[in-house]
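A quick write-up on the structure given underneath.
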Amino acid sequence: MDEADRQLLRRCRVRLVRELQVASLWDVLLSRQLFTPAMIEDIQHAGSGSRSDQARQLVIDLETRGSQALPLFISCLEDTDQDALASFLRTSRQAQKQKPEAVRPLNLMPVVLGPMGLTPEDLRGKTGPLKPTPGKLSPVVLGPEQLWPAKLRPEVLRPEVPRPVDSGSGRFSDVCAREISKQNPDLAYALNADPCGHCLIINNVTFCLKSRLTARTGSNIDCEKLQRRFRLLHFTVEVKCDLKAKQMVQALVELAQRDHSGLDCCVVVVLSHGCQASHRQFPGAVYGTDGCPVSIEKIVNIFNGASCPSLGGKPKLFFIQACGGEQKDHGFEVACASPEDRTSGSDPESDAAPFQEGPGPFDQPDAVSSLPTPSDIFVSYSTFPGFVSWRDTKRGSWYVETLDGVFEQWAHSEDLQTLLLRVANAVSQKGIYKQIPGCFNFLRKKLFFKM
């Protein structure tokens with residue numbers, strides 16, 4: 001879908017969500033092959049499953065369905081007697097695509113200006129630089145750029161580089177900056193494959209009695225959001241639920257041993273209880289359902305260059321929704337706080353579990369500087385090492401809810417690190433107890449998701 005259609009859908013989203021009758025659309029959308037059966041099922045189970053939630057998710061997913069998605073969707077509306085919406089979208093699209101006739105440049109000839117007494121004939125035949133004479137000024141040639149002498153052309157004076165367009169808001173256009181970065185392979189990873197790569201989500205909800213770990217109510221909401229989000233970002237998503245520690249490692253090893261040579265990226269998401277753990281490079285650990293921890297460092301190293309050569313030089317992203325410890329951050333008083341972040345109806349829980357002491361002196365958050373750092377690795381933690389990570393039993397975790405929202409709004413124009421800065425800022429403003437996500441970034445370039 002081109003940018004104009006995408007922007008039109010976003011401007012019309014409120015009306016579409018309010019008026020769209022989705023129940024009559026499913027068969028038509030399938031027959032027109034606008035959506036697959038799996039995507040229709042995901043849309044039907046979006047949010048609470050209400051008509052408005054389904055309509056909202058349908059409009060969001062529509063942006064990913066190719067250049068003819070909007071006109072096909074308009075036809076589907078007409079086939080299901082939703083003529084008012086169809087006419088509204090068609091008229092808006094036609095008006096948007098009408099452009100004023102281009103102004104043709106005038107066929108101008110260069111004009112030579114100079115001091116009185118010096119005619120154009122005096123300049124003909126001179127090959128060297130013009131030398132000023134007492135009382136007379138050097139002539140200046142004015143005219144269309146293609147008629148300028150070579151020595152005055154801008155491309156001769158300095159190399160031509162793409163210039164961002166000023167959006168009028170005091171900063172350069174985000175989309176333009178994205179395109180400039182993507183055109184330079186030294187600045188951004190190339191994510192051109194479709195699918196872009198594999199995404200494995202491990203969702204541990206129910207734990208054995210011996211572990212003394214509570215059920216992670218609300219985690220399935222996180223899992224559904226991330227499954228849908230990474231599908232929209234062109235990843236092949238696989239979900240594994242309630243794995244013991246050894247099963248977690250086995251699933252990760254199996255993923256690392258696949259052939260990724262035709263893919264451009266790999267994503268691992270772990271939703272579980274967590275704790276502090278001895279480490280050398282990456283802090284923290286996550287629990288299997290048997291109560292045994294798996295260190296983040298071990299998870300990341302499964303995908304290093306020696307274990308997974310087909311991902312060498314390609315970005316490997318890890319998103320960890322788990323506690324980093326047991327400390328509760330009370331925060332400090334600031335001038336203002338968002339009222340919506342103090343909702344009385346919410347029911348937050350933490351993903352905290354006791355610290356697991358292990359051998360070795362490396363139980364502090366800082367990695368040892370003398371150790372080699374894996375390249376092309378990005379590990380995003382839901383919370384700062386040592387602190388709890390909060391999860392709402394009805395809406396899912398603060399981190400995943402915010403991550404999903406930020407990706408929806410900004411992933412089309414901003415790189416991964418900028419997106420995670422937005423997530424950190426938004427999460428830090430929530431709740432009475434505080435939380436701030438963080439990351440270990442060992443990427444060599446910017447990463448823009450495929451849209």
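Only heavy atoms go into these numbers, but all of them, side chains included; no hydrogens, no water, no symmetry mates.
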Note: [X]-[Y] ion pair, threshold 4.0 Å (strictly below):
| X | Y | answer |
| --- | --- | --- |
| Arg229 | Asp404 | yes |
| Asp376 | Arg444 | yes |
| Asp79 | Arg32 | yes |
| Arg13 | Glu408 | yes |
| Asp53 | Arg56 | yes |
| Glu224 | Arg231 | no |
| Asp5 | Arg93 | yes |

Could you pull out the closest heavy-atom pair between [X] and [Y], with the gap in Å?
| X | Y | value |
| --- | --- | --- |
| Ser380 | Tyr399 | OG-OH, 2.6 Å |
| Leu419 | Val406 | O-CG1, 3.6 Å |
| Asp264 | Asn192 | OD2-N, 2.7 Å |
| Ile221 | Arg395 | CG2-O, 3.6 Å |
| Ile201 | Val237 | CD1-CG1, 3.9 Å |
| Cys275 | Pro293 | SG-CB, 4.4 Å |

Does any N or O in the side chain of [X] come within less than 3.5 Å of the main-chain N or O of [Y], such that one atom is a donor and the other an acceptor?
| X | Y | result |
| --- | --- | --- |
| Thr91 | Ser87 | yes |
| Ser272 | Tyr287 | yes |
| Arg228 | Met39 | no |
| Gln247 | Lys244 | yes |
| Gln54 | Gln44 | yes |
| Gln21 | Glu19 | yes |
| Ser211 | Phe207 | no |
| His273 | Thr214 | yes |

Return the [atom1] to [atom2] distance between [X] and [Y], rounded to the nearest 0.5 Å.
| X | Y | atom1 | atom2 | answer |
| --- | --- | --- | --- | --- |
| Ile74 | Phe88 | CD1 | CZ | 10.5 Å |
| Cys439 | Leu420 | SG | CG | 5.5 Å |
| Gln57 | Lys225 | CD | NZ | 11.0 Å |
| Leu447 | Leu317 | CG | CG | 5.5 Å |
| Ile320 | Ile299 | CD1 | CD1 | 5.5 Å |
| Ile302 | Leu255 | CD1 | CG | 9.5 Å |

[Y] and [X] side chains, donor-acceptor separation under 3.5 Å:
| X | Y | value |
| --- | --- | --- |
| Asn203 | Asn220 | yes |
| Glu297 | Ser295 | no |
| Asp242 | Thr289 | no |
| Gln417 | Asn441 | yes |
| Thr418 | Asp415 | yes |

Is there a side-chain contact between [X] and [Y] in this structure, where contact means two heavy atoms from C-beta onward sitting under 4.5 Å apart?
| X | Y | answer |
| --- | --- | --- |
| Cys196 | Leu263 | no |
| Leu416 | Lys446 | no |
| Cys308 | His260 | yes |
| Val59 | Arg10 | no |
| Phe230 | Val267 | yes |
| Phe378 | Lys316 | no |
| Leu34 | Val28 | no |
| Leu20 | Leu77 | yes |

Item to check | side chain to side chain contact (heavy atoms under 4.5 Å, CB included) assessment of Phe442 paired with Val379 | outcome: CA-CA 8 Å; Phe442 299 116; Val379 184; over 6 Å; no
Item to check | Audit row: Met248, Lys240, side chain to side chain contact (heavy atoms under 4.5 Å, CB included) steps and yes/no | outcome: CA-CA 9 Å; Met248 292 174 65; Lys240 292 184 179 293; over 6 Å; no
Next on the checklist: Taking the ring of Phe318 and the ring of Phe303, is the distance between their centroids below 6.0 Å?
Outcome noted: yes
Checklist entry - Using the benzene-type ring in the case of Trp, are the ring centres of Phe235 and His198 under 6.0 Å apart? => result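 Ring centres of His198 and Phe235 not closer than 6.0 Å.
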Checklist entry - Hey, is NZ on Lys445 packed in by over 12 heavy atoms from elsewhere, all under 6.0 Å? => result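 Yes, enclosed.
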Item to check | Worked check of side chain to side chain contact (heavy atoms under 4.5 Å, CB included) between Ile377 and Leu443 | outcome: CA-CA 6 Å; Ile377 293 287; Leu443 298 178; 5.9 Å; no
Item to check | Parallel, tilted or perpendicular: ring planes of Phe449 versus Phe407, cut at 30 and 60 degrees | outcome: tilted
Item to check | ring pair (Phe, Tyr, Trp, His ring centres under 6.0 Å) assessment of Tyr381 paired with Phe319 | outcome: CA-CA 6 Å; Tyr381 291 86; Phe319 297 88; over 10 Å; no
Checklist entry - Can Val270 and Gln321 be said to form a side chain to side chain contact (heavy atoms under 4.5 Å, CB included), step by step? => result CA-CA 6 Å; Val270 181; Gln321 165 53 43; over 6 Å; no
